[in-house]
K.L.:
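Let me give you the structure first, and then I'll get to my questions.
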Amino acid sequence: MFLRFKKEVLKMLKVDERFVKESDHADLACTIAFKLAKEQKRSPQEIAEELVAELEPREYVGSIEVVNGYINFFVSEEFLEDTIDLILDQDYDYGSPRLKGEVLVEHTSANPDGPLHIGHIRNSIIGDTIARIMKKAGLNVRTQYYVNDMGRQIAITALGYRRFGIDESKKPDHAVVEAYIKMNKELERNPELEREVEDLMIRYERGDEEAIELFREVVELALEGIKETLQRLNVQHDEFVWESEFIRNGYVDRILKMLDEKGLLKKDGAWMIDLSDLGYEKPVVVRRENGTTLYVTRDLAYHLWKNENFERFINVLGADHKLIGKQLQDILKLLGLKPPEIVFFEFVSLPEGSMSTRKGKFISADELIEKVYEEARKIVEGREELSDEEKDHIAKAVAVGALRFDFVKIAPEKPMVFDWQKALDFERQTASYIQYSHARCCSILRKAVESGMPDLDFRGDLCTPLERKLVVLLSKFSYIVLRVVNELKPNIFADYLLKVANTFNDFYRDHPVLKAESELRMHRLAIVDATRIVLRNGLELLGIEPLERM
RNA sequence: GGGCCCGUGGCUCAGCAUGGAUAGAGCGACGGCCUUCUAAGCCGUAGGUCGCGGGUUCAAAUCCCGCCGGGUCCGCCA
């Protein structure tokens with residue numbers, strides 16, 4: 001709805017979109033007069049007044065005023081009424097800007113050599129949230145986990161698995177990483193084993209059956225554990241795509257042929273692409289002297305496949321992939337293919353330094369989830385009216401919410417230092433605050449039903465300034481969704497939802513609902529119900545369960 | 001050495017793309033509010049040279065240049 005208001009404002013003014021912005025002083029504010037002031041050598045105020053004199057309020061633009069050169073626009077009562085009607089009418093569907101298109105989101109894609117750690121889940125949470133928001137926007141979204149089954153570290157894991165076996169009593173990913181860590185130590189002690197690693201990698205790429213079976217077994221084990229963790233976090237993948245598939249299905253050969261035909265390959269024993277014209281110091285090797293391919297080669301093949309199937313493809317990658325990511329984009333462009341859009345996120349480190357799976361220096365996602373759950377459980381214990389089962393359910397939802405929100409609210413480009421104390425401090429958990437606000441809405445509506453639910457009837461003319469503010473905020477849902485789709489910054493949405501919860505709690509404080517008389521009661525119940533729908537739909541986009549009581 | 005990212009009250013962050021009206025939240029601190037729709041809530045107070053120095057502009061947290069501090073990348077690894 002807010003999008004329509006903005007469109008009307010733009011149509012009235014006939015100015016470029018960038019001069020119209022959100023503001024604390026108005027629903028939308030225009031700064032064009034400042035620009036014109038310079039050219040015309042007149043005061044911004046004068047120009048703004050002149051511009052406004054020619055404008056007539058329309059359907060959704062209720063009033064216009066000029067202050068200090070700003071042209072401030074306010075929504076009409078009709079706008080407020082249509083917003084509430086739309087929300088109540090669309091319910092679960094509310095909030096979509098109704099886009100069309102085929103989109104692929106690739107995220108997480110952690111090496112299958114052990115459990116996900118707290119750095120990996122930053123990737124999962126950003127990726128999953130983007131995917132959810134794009135789906136909401138109406139796009140046809142598929143999510144994939146790219147399984148790096150051909151790497152050196154998987155060969156090492158496979159060797160460790162064969163040599164030491166694994167502890168079957170443990171969750172499989174945690175068991176696999178033990179073999180990986182042990183094998184790494186073994187390699188340090190005995191560098192001769194290096195040849196075995198290399199040999200195994202070559203055999204796997206050439207399609208040696210025994211090697212394939214070994215890799216498959218160990219990778220499946222790791223993935224089994226990883227999938228369980230992802231499920232706990234409400235992170236969904238439609239498919240797990242194995243890197244080695246692109247060797248076997250011919251895409252690697254095709255991409256190499258394309259590179260060759262474009263004259264991009266320098267074959268000097270190894271095959272490489274010279275990117276010095278684009279400012280890269282070193283060439284990118286796509287085929288080793290021994291005939292095997294590299295990670296980037298398979299990734300190029302994967303992106304050839306993406307080009308054939310999707311209009312937009314988005315990768316969520318750690319900042320350590322920046323160089324290789326840019327090279328991938330540039331090579332694809334040279335081939336006349338579409339490059340992926342990449343969301344880079346900075347590292348999550350521990351107070352004592354960066355994490356390392358190889359050295360066993362990491363905090364696993366499972367451990368974090370468990371501890372946060374225990375903490376949430378302590379708080380829920382205080383609610384005597386709830387059954388044990390309900391308490392458990394609420395604690396789980398609150399824990400996952402706290403965790404997901406903690407990661408998604410921070411802009412991806414910010415480095416994070418993990419802190420146990422903060423992760424477990426529920427005083428600062430904003431997710432449960434939003435869940436709580438939603439539960440409050442539900443509670444009011446439950447009581448209203450008990451005492452005979454009246455018809456909901458929102459009236460623009462009954463709105464207090466705060467109610468007006470809340471409804472305008474509710475109208476921005478699809479506008480915010482669209483922003484995330486365009487800018488790929490899911491933290492914008494987290495911020496928005498927090499603002500909705502905040503404003504609702506302000507409303508709750510000094511606007512009695514159930515005690516209000518007749519039409520005011522109907523009016524406010526409509527606001528509560530609409531807020532409930534926005535909070536519920538919004539929490540779902542963040543992968544957080546909207547609880548009805550807590 | 002070169003590239004990229006980050007640097008905003010004691011702490012964690014938003015705002016920076018497209019410069020504009022008093023720099024916003026949360027935690028922590030201090031003081032208040034449960035006979036009134038869930039106190040996982042609300043209200044109030046204190047706390048800021050927006051890393052530093054220049055520049056552009058009527059106007060800079062936001063744009064440009066130079067520094068400083070932290071992170072990260074620069075393999076025929078992934």
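Letters A, B, ... mirror the listed sequences (proteins, then strands); counts begin at 1. Note that this is a predicted model, so its numbers are computed, not measured.
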K.L.:
Expressed as a whole number of Å, how far does the C1' atom of B:rG15 sit from that of B:rG71?
P.N.:
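Looking at atom C1' only, B:rG15 and B:rG71 are 23 Å apart.
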K.L.:
According to side chain to side chain contact (heavy atoms under 4.5 Å, CB included), who are the partners of A:K396, at least two apart in sequence or on a separate chain?
P.N.:
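Side chain to side chain contact (heavy atoms under 4.5 Å, CB included) check on A:K396 returns A:Y373, A:D392.
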K.L.:
Return the pairing partner of B:rU18 with a 3.5 Å limit on both distances, Watson-Crick or G-U wobble; otherwise return none.
P.N.:
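By the stated definition (distances under 3.5 Å), nothing pairs with B:rU18.
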K.L.:
Report which part of the nucleic acid A:R287 touches: base, sugar-phosphate, or nothing (heavy-atom distance under 4.0 Å, all strands).
P.N.:
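No contact at all - A:R287 keeps every heavy atom at 4.0 Å or more from the nucleic acid.
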K.L.:
Output yes when at least one side-chain N/O atom of A:R509 is less than 4.0 Å from OP1 or OP2 of B:rC43, else no.
P.N.:
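A:R509 to B:rC43 OP1/OP2: side-chain N or O found under 4.0 Å.
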K.L.:
Just call it for A:E427: base, sugar-phosphate, or nothing, with non-hydrogen atoms closer than 4.0 Å on any strand.
P.N.:
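Sugar-phosphate contact only - A:E427 comes under 4.0 Å of backbone atoms but never of a base.
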K.L.:
For a quick check of understanding: with a heavy-atom distance under 4.0 Å over all strands, which category does A:R358 fall into, base, sugar-phosphate or nothing?
P.N.:
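If one applies the 4.0 Å heavy-atom cut-off, A:R358 turns out to touch nothing in the nucleic acid.
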K.L.:
If we take the P atom in both B:rG7 and B:rU12, what is their distance in whole Å?
P.N.:
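Going atom to atom, P in each nucleotide, I get 12 Å.
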K.L.:
Quick one: what's the B/S/- string for nucleotides 8-13 of chain B, heavy-atom cutoff under 4.0 Å, read 5' to 3'?
P.N.:
---SSS
K.L.:
Heavy atoms under 4.0 Å, any strand shown: does A:E548 hit a base, just sugar-phosphate, or nothing?
P.N.:
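Touches a base.
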K.L.:
Assign each of A:A376 and A:I324 to its nearest nucleotide of RNA chain B by heavy atoms, then name whichever residue's nucleotide is nearer the 5' end.
P.N.:
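Checking each residue's closest nucleotide, the 5'-ward one belongs to A:A376.
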K.L.:
Does OP1 or OP2 of B:rA25 have a side-chain N or O of A:Y496 closer than 4.0 Å?
P.N.:
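It does not, given that no N or O in the side chain of A:Y496 lies less than 4.0 Å from OP1 or OP2 of B:rA25.
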K.L.:
Indicate, with a heavy-atom threshold strictly under 4.0 Å, whether A:N72 touches base, sugar-phosphate, or nothing.
P.N.:
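Here A:N72 touches the bases of the nucleic acid.
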K.L.:
NA contact type, A:F426, heavy-atom cut-off 4.0 Å: base, sugar-phosphate, or nothing?
P.N.:
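Contact class for A:F426: none.
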K.L.:
Take A:F418 and A:W420 through the ring-ring contact (aromatic ring centres under 6.0 Å, His included) test and state the conclusion after the steps.
P.N.:
CA-CA 7 Å; A:F418 182 79; A:W420 271 115; 5.2 Å; yes
K.L.:
I need the residues from residues 14-32 of chain A with at least one non-hydrogen atom less than 4.0 Å from RNA chain B; give them sorted by number, or say none.
P.N.:
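The stretch gives A:R18, A:K21, A:S23, A:H25, A:A29 as the residues lying under 4.0 Å from the strand, ordered by number.
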K.L.:
In this structure, are over 12 heavy atoms from other groups packed under 6.0 Å from A:R549 atom CZ?
P.N.:
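No, because the 6.0 Å sphere around CZ of A:R549 holds 12 heavy atoms or fewer from other groups.
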K.L.:
Take atom P in B:rG26 and the same atom in B:rA46, then report the distance between them in whole Å.
P.N.:
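Approximately 15 Å lies between the P atom of B:rG26 and that of B:rA46.
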K.L.:
Of the listed nucleotides (B:rA40, B:rA78, B:rA14), which one gets closest to any side-chain atom of A:V380?
P.N.:
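So the nucleotide nearest the side chain must be B:rA40.
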K.L.:
So A:T430, base contact, sugar-phosphate only, or nothing? Heavy-atom distance under 4.0 Å.
P.N.:
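Here A:T430 touches no strand at all.
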K.L.:
Please give the nucleotide sitting opposite B:rG1 as a Watson-Crick or G-U wobble pair, both distances under 3.5 Å, or none.
P.N.:
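Across any shown strand, B:rG1 pairs with B:rC74.
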K.L.:
When you look at NZ of A:K361, are more than 12 heavy atoms from neighbouring residues, nucleotides or ligands closer to it than 6.0 Å?
P.N.:
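Yes, enclosed.
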K.L.:
So which one's nearest nucleotide on RNA chain B is more toward 5', A:L498 or A:D268?
P.N.:
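Residue closer to the 5' terminus by nearest nucleotide: A:L498.
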K.L.:
Check every strand shown and say whether A:F347 touches a base, only sugar-phosphate, or nothing at a heavy-atom separation below 4.0 Å.
P.N.:
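Nothing, no heavy atom under 4.0 Å.
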K.L.:
Who is the Watson-Crick or G-U wobble partner of B:rG66, with both distances under 3.5 Å?
P.N.:
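WC or wobble partner is B:rC52.
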K.L.:
Does A:H438 reach a base, just sugar-phosphate, or nothing at all? Heavy atoms under 4.0 Å.
P.N.:
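Counting heavy atoms under 4.0 Å across all strands, no contact is made by A:H438.
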K.L.:
Any side-chain donor-acceptor pair under 3.5 Å between A:Y433 and A:N505?
P.N.:
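Looking only at side-chain atoms, A:N505 and A:Y433 do form a donor-acceptor pair, the distance falling under 3.5 Å.
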K.L.:
Within the 4.0 Å heavy-atom criterion, would you say A:V513 contacts the bases, only the backbone, or no part of the nucleic acid?
P.N.:
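The answer is base, as A:V513 lies within the cut-off (heavy atoms under 4.0 Å) of a base atom.
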K.L.:
Take atom CD in A:E374; do more than 12 heavy atoms of anything else shown fall under 6.0 Å from it?
P.N.:
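Enclosed: over 12 neighbouring heavy atoms sit under 6.0 Å from CD of A:E374.
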K.L.:
Using a 4.0 Å heavy-atom cut-off, does A:E487 contact any base of the nucleic acid, only the sugar-phosphate backbone, or nothing at all?
P.N.:
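If one applies the 4.0 Å heavy-atom cut-off, A:E487 turns out to touch a base.
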K.L.:
Between B:rC5 and B:rG51, how far apart are the two C1' atoms, rounded to whole Å?
P.N.:
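Each nucleotide's C1' atom is 15 Å from the other's.
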K.L.:
Determine the interatomic distance between C1' on B:rG9 and the same-named atom on B:rC74; round to the nearest Å.
P.N.:
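Pairwise C1' distance, B:rG9 against B:rC74, rounds to 38 Å.
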K.L.:
Between A:K266 and A:D268, does any NZ, NE, NH1 or NH2 come within less than 4.0 Å of an OD or OE carboxylate oxygen?
P.N.:
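No salt bridge links A:D268 with A:K266.
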K.L.:
Check the surroundings of atom CD in A:E194: do more than 12 heavy atoms from other residues, nucleotides or ligands lie under 6.0 Å from it?
P.N.:
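Yes, the 6.0 Å shell around CD holds more than 12 heavy atoms from other groups.
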K.L.:
How about A:H303 and A:N315: does a side-chain donor come under 3.5 Å of a side-chain acceptor?
P.N.:
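Short answer, yes.
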K.L.:
Under 4.0 angstrom, heavy atoms only, what part of the nucleic acid is A:Y508 near: base, sugar-phosphate, or nothing?
P.N.:
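Base, at least one base heavy atom under 4.0 Å.
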K.L.:
Do A:T293 and A:R298 have a side chain donor and acceptor closer than 3.5 Å?
P.N.:
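Distance-only check passes for A:T293 and A:R298.
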K.L.:
Check A:F345 against A:R122 and note the closest heavy-atom contact, atom names and distance.
P.N.:
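Reported closest heavy-atom pair: CD1-CD, 3.7 Å.
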K.L.:
Rounding to an integer number of Å, can you tell me how far A:E65 CD sits from B:rA21 C1'?
P.N.:
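Roughly 12 Å, once rounded to whole Å.
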